[in-house]
Amino acid sequence: MLRVGSAVACMACRNLVSPNMGVRFRMPLQKLHPLSRAIHHRYNSSVTPPHRSAARHFTSMSRLPMQPPKPPPGGHGGWRYQQHRNFWMLRLASRLLKLRYIVLGSAVGGGYTAKKTYEEWKDMLPDLGEYNWVIPDFFWELSKQIDLDKLTKMLPELVEIAKFLPELPDLDKIGENFTFLKSILFTGVGSKGASGQRLLLAEAPGDTPVKAATDAPVTATPEASRKQFRKSSDKEKVDQLQEDLLRTQMKYQRMLERLEKENKELRKVVLQKDEKGIHQRKVKVSKSLIDMYSEVLDILSDFDSNYNTQDHLPRVVVVGDQSAGKTSVLEMIAQARIFPRGSGEMMTRSPVKVTLSEGPHHVAMFKDSSREFDLGKEEDLAALRHEIELRMRKSVKEGQTVSPETISLSVKGPGIQRMVLVDLPGVISTVTAGMATDTKETIFGISKKYMQNPNAIILCIQDGSVDAERSIVTDLVSQMDPHGKRTIFVLTKVDLAEKNLASSNRIQQIVEGKLFPMKALGYFAVVTGKGSAGESINSIKDYEEDFFQNSRLLRDGMLKAHQVTTKNLSLAVSDCFWKMVRESVEQQADAFKASRFNLETEWKNNYPRLRELDRNELFEKAKNEILDEVISLSQVTPKHWEAILQKKLWERVSTHVIENIYLPAAQTMNSGTFNTTVDIKLKQWTDKQLPHKALEVAWETLQEEFARFMAEYKGKDQDDIFDKLKEAVKDESIKRHKWNETAMDSLRVIQHNTLEDRSITDKPQWDAAIQFMEETLQARLKDTDSVINDMAGPYWKQRWMSWMSRSPEQHICNETKKELERLLKLHEDHTAYLANDEVTTVRKNLEGRGVDVDPVLIKDTWHQLYRRHFLQKALHHCNLCRRGFYYYQRQFVDSELECNDVVLFWRIQRMLLITANTLRQQLINTEVRRLEKNVKEVLEDFGEDNERKVHLITGRRVQLAEDLKKVREIQEKLEAFIEALHEEK
């Protein structure tokens with residue numbers, strides 16, 4: 001180790017240390033500079049000299065030969081001076097060499113770092129070659145066919161163009177009285193930057209003074225202009241400046257119109273190419289964005305949720321007093337006369353949602369129809385207006401004037417601003433004749449429903465030609481949007497207002513928001529024509545532009561340039577609409593996501609084993625079940641059909657056969673009279689009543705069997721939710737079914753021939769007829785006994801055992817019955833009717849016992865008693881005829897037994913059997929198939945009628961499934977719309 005200070009090992013090392021250093025420290029030899037280390041070892045006598053190669057290795061001057069030191073020329077002082085000078089040079093050289101290494105290393109490192117940074121940045125840049133599709137193909141073709149460099153050289157220089165521009169006067173020198181003109185000038189010229197609001201002024205068709213001033217070349221110099229201002233009065237200066245302002249505005253306006261027209265044509269060409277498959281990626285997103293949003297609104301219009309998931313998606317709500325010009329403003333924005341018109345009559349009877357979007361062709365289409373109306377053709381426009389009017393009248397229910405049902409219409413065309421507008425019925429103050437009494441309240445309710453949406457843009461339409469104090473809608477709008485954060489005020493019929501109002505300042509107060517008690521985002525003044533229904537959109541635009549071009553409202557500064565024309569209005573409304581959409585759509589998507597979670601949770605807890613079937617899916621399931629049940633109807637066996645028909649037919653005609661045919665014929669004295677009476681009455685019955693009765697029985701049997709299958713069809717998937725629908729289908733199908741009566745004539749012939757046949761071929765048929773007769777008579781006898789018991793009251797056993805008693809009327813009837821039974825016992829062959837003297841005798845006998853009886857009661861009681869007596873005798877005779885088939889074959893010759901009544905019942909029984917067989921064939925072959933067809937038609941009609949489906953398939957389960965389906969659909973469409981919105985942004 002070396003010590004720095006006065007005791008340094010050698011002179012060379014001493015010279016490396018500053019003599020001013022008073023600090024003593026130790027420094028190892030390895031930390032000395034290589035050159036100093038080599039010198040130190042060379043001149044230090046106490047240290048062994050290093051090897052020459054080591055010196056060459058550690059010093060940068062090792063390549064130079066090491067010369068031995070020359071002897072000092074003089075004394076000791078010369079040596080010290082020479083050594084000091086040589087070491088300074090070496091030190092300077094070493095410093096310079098060190099600087100070179102630093103600079104060289106910095107240069108190499110910096111270059112490498114810069115190259116690496118450049119490569120990283122280059123990798124971060126996107127490959128713009130993938131976006132070549134953005135530029136239309138015709139642009140590349142155009143660049144090949146046109147020499148753009150040559151065209152650029154032909155254009156004039158900016159200096160030459162500036163010579164043709166008028167020189168504006170120096171406003172700074174006019175004076176303080178005209179400083180406000182600078183704000184007017186720069187406001188009018190610079191209003192183009194305010195959210196797309198621009199003044200649209202076209203050339204007037206005539207040579208107006210303003211046009212002449214515009215077309216005249218401006219040759220006056222600034223000095224001449226200043227002299228003219230000094231000579232004229234203050235008023236003339238103001239007029240001159242305003243004319244200069246309008247002239248400049250019109251010049252730039254012509255340039256803007258020309259550019260807009262070229263841009264419109266270019267966009268039309270691009271959209272037409274897009275229909276052929278070109279640029280589908282970007283143009284498709286831009287084109288379908290508003291359509292995607294409109295679909296969400298259409299679904300929400302039918303959405304009914306018990307979770308109160310409100311529709312807060314933005315749309316433009318057009319409200320105003322009746323005949324204020326709402327529809328006209330909407331038509332100007334849509335650029336077509338699409339709505340029905342009437343003079344002073346309410347035409348908008350239901351909300352009309354109009355979705356405006358850009359497209360290559362000017363067309364309109366309803367949401368639920370595939371027909372396109374070409375808005376460039378007058379016949380299509382007339383058809384569209386007629387269709388809208390029909391839909392409005394159809395939506396209005398009986399007893400109402402307006403309807404809350406929404407009609408959805410889509411309008412596409414070049415240059416149309418994209419937005420969704422809802423035209424509401426005009427607000428009225430008085431209900432006139434022919435209107436429903438609640439029309440005013442209904443209109444207010446519909447308007448409030450749409451305006452309560454916190455994200456809806458309210459387009460308040462006010463008629464400028466009427467007194468402001470008569471406005472109704474402004475108060476309504478101020479209630480819904482008191483701060484005016486989403487309201488745009490539109491003053492219509494400004495041309496009439498300027499003509500009729502004595503003070504134009506009133507219009508200025510309106511558009512400045514100082515007259516009406518409401519606030520708004522912006523105020524606009526428009527003209528929507530002269531009031532003629534035959535005016536076209538282009539003629540209305542020309543009239544509007546001509547009016548504002550010559551109007552003193554604009555010239556005097558009462559209206560700003562960006563506050564006039566429907567063009568500026570549509571741009572401003574579209575901007576506000578899309579701004580509101582971007583601000584609120586994601587929040588609404590989150591709300592529907594939360595609603596979906598709630599609905600899915602309720603379904604999972606209440607219906608864990610059932611699939612989520614909405615109303616349409618449940619209807620299809622019920623439809624299949626009903627069709628299966630109808631098919632089962634055709635599987636009924638013929639035996640079952642005939643048994644049911646025979647039984648029901650006899651129940652229907654038995655009373656007529658017994659009361660009108662059998663009993664009257666049985667009162668005769670001989671068999672010939674009996675058979676004659678029976679034949680006559682059977683013929684009359686067959687011609688007039690029997691076929692109709694048979695068809696009625698067949699139709700009722702078909703209905704009962706159909707209803708039985710509908711009620712008894714129970715499978716493992718049977719759902720009680722279908723009961724109401726099945727009942728409605730059954731009733732409607734039966735109501736529509738008409739029995740084929742063409743077979744009635746043939747049935748009459750069959751029945752007539754059957755009843756004329758008296759030939760019983762075998763003993764079983766005879767026994768069957770006797771059994772049929774016996775069952776019929778016993779049933780009638782039982783009914784007769786029941787009637788007599790009701791008339792006479794309970795007998796003694798019932799009175800004692802059941803604690804029952806007779807009423808006074810029953811007591812009288814019972815005494816009458818006893819008296820008549822005595823008479824009938826004495827005269828068993830008595831006729832069916834009592835003679836008058838017999839009635840008198842019975843009455844006197846009863847009076848003798850203290851019973852006062854009416855003769856009518858005596859006759860009624862006799863009728864029932866004789867009926868019972870006759871039926872008992874007929875049953876006894878029926879038992880005697882059981883062995884009478886042998887006598888029947890001999891036609892009862894040499895026999896006191898006559899069984900003509902058995903033959904009658906056999907004829908009736910055979911008629912019932914053959915009629916049932918005929919009706920069964922008609923049922924199976926014709927009527928069941930026709931009923932199946934009717935059921936299918938009814939189901940198809942029900943499937944198309946949503947209101948009927950809602951009424952027939954009800955319940956919380958159905959509503960929950962419906963809400964789940966709609967919420968999912970809305971959420972999916974909203975997410976797709978948000979994604980497309982971000983891509984477009």
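Numbering starts at 1 and runs along the sequence shown.
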Heavy-atom pair with the smallest gap, counting every atom of [X] and [Y]:
X      : Y      : result
Gly529 : Ile540 : N-CG2, 3.5 Å
Pro351 : Pro425 : N-CD, 4.3 Å
Pro414 : Pro360 : CD-O, 4.0 Å
Phe489 : Ile510 : CE2-CG2, 3.4 Å
Gln462 : Ser471 : OE1-OG, 2.8 Å
Ala334 : Val411 : O-CG1, 4.1 Å

Check whether any side-chain heavy atom of [X] lies under 4.5 Å from a side-chain heavy atom of [Y], and answer yes or no.
X      : Y      : value
Asn453 : Arg315 : yes
Phe444 : Ile472 : yes
Leu313 : Asn455 : no
Ile333 : Met419 : yes
His361 : Lys412 : no
Leu515 : Arg506 : yes
Ile458 : Val319 : yes
Leu559 : Phe548 : yes

Check: [X]/[Y] side-chain N/O donor and acceptor closer than 3.5 Å:
X      : Y      : result
Gln417 : Ser570 : no
Glu545 : Gln549 : no
Lys353 : Ser294 : yes

Measure the [atom1]-[atom2] distance between [X] and [Y] for me, rounded to the nearest 0.5 Å.
X      : Y      : atom1 : atom2 : value
Met392 : Phe339 : CE    : CZ    : 6.5 Å
Ser410 : Asp291 : OG    : CG    : 5.5 Å
Arg337 : Leu384 : CZ    : CG    : 13.0 Å
Asp495 : Lys530 : CG    : NZ    : 9.5 Å
Glu512 : Met558 : CD    : CE    : 10.0 Å
Ile443 : Arg349 : CD1   : CZ    : 9.5 Å

* Given side-chain contact (heavy atoms from CB on, under 4.5 Å), test Met451 with Leu476 step by step and report yes or no. => CA-CA 9 Å; Met451 289 191 292; Leu476 182 61; 3.5 Å; yes
* To do: Take Val477 and Phe516, measure what side-chain contact (heavy atoms from CB on, under 4.5 Å) needs, and give me the verdict at the end.
  => CA-CA 11 Å; Val477 172; Phe516 288 106; over 6 Å; no
Just by modelled atom types, is the [Y] backbone N or O under 3.5 Å from a matching donor or acceptor in the [X] side chain?
X      : Y      : answer
Glu498 : Ser551 : no
Asp321 : Val473 : yes
Lys326 : Leu424 : yes
Asp481 : Arg486 : yes
Glu544 : Thr528 : no

* Asked: Can His982 and Glu586 be said to form a side-chain contact (heavy atoms from CB on, under 4.5 Å), step by step?
  -> CA-CA 11 Å; His982 290 166; Glu586 293 187 1; 2.9 Å; yes
* To do: For Thr487 and Lys519, run side-chain contact (heavy atoms from CB on, under 4.5 Å): C-alpha distance rounded to whole Å, both residues' side-chain angles, the deciding distance at 0.1 Å, then the answer.
  => CA-CA 7 Å; Thr487 301; Lys519 299 178 181 179; over 6 Å; no
* For the pair Glu378 and Arg385, find out whether any cationic side-chain nitrogen is under 4.0 Å from an anionic carboxylate oxygen. => yes
* **Residues in salt bridge (Lys or Arg N to Asp or Glu O under 4.0 Å) contact with Asp463, at least two apart in sequence or another chain** => Lys493
* Whether Tyr293 and Phe977 hold their rings parallel, tilted or perpendicular, with breakpoints at 30° and 60° -> tilted
* Asked: Should the ring pair Phe373 and Phe366 be called parallel, tilted or perpendicular, given that the plane angle runs from 0 to 90° and is split at 30 and 60?
  -> perpendicular
Reference residue [X]; test side-chain contact (heavy atoms from CB on, under 4.5 Å); the match among [options]:
X      : options                : value
Ile290 : Val420, Val581, Ile416 : Val420
Met332 : Ile537, Leu569, Thr492 : Ile537
Phe524 : Leu491, Ile488, Val494 : Ile488

* Which residues share a side chain to side chain contact (heavy atoms under 4.5 Å, CB included) with Lys449, sequence neighbours left out -> none
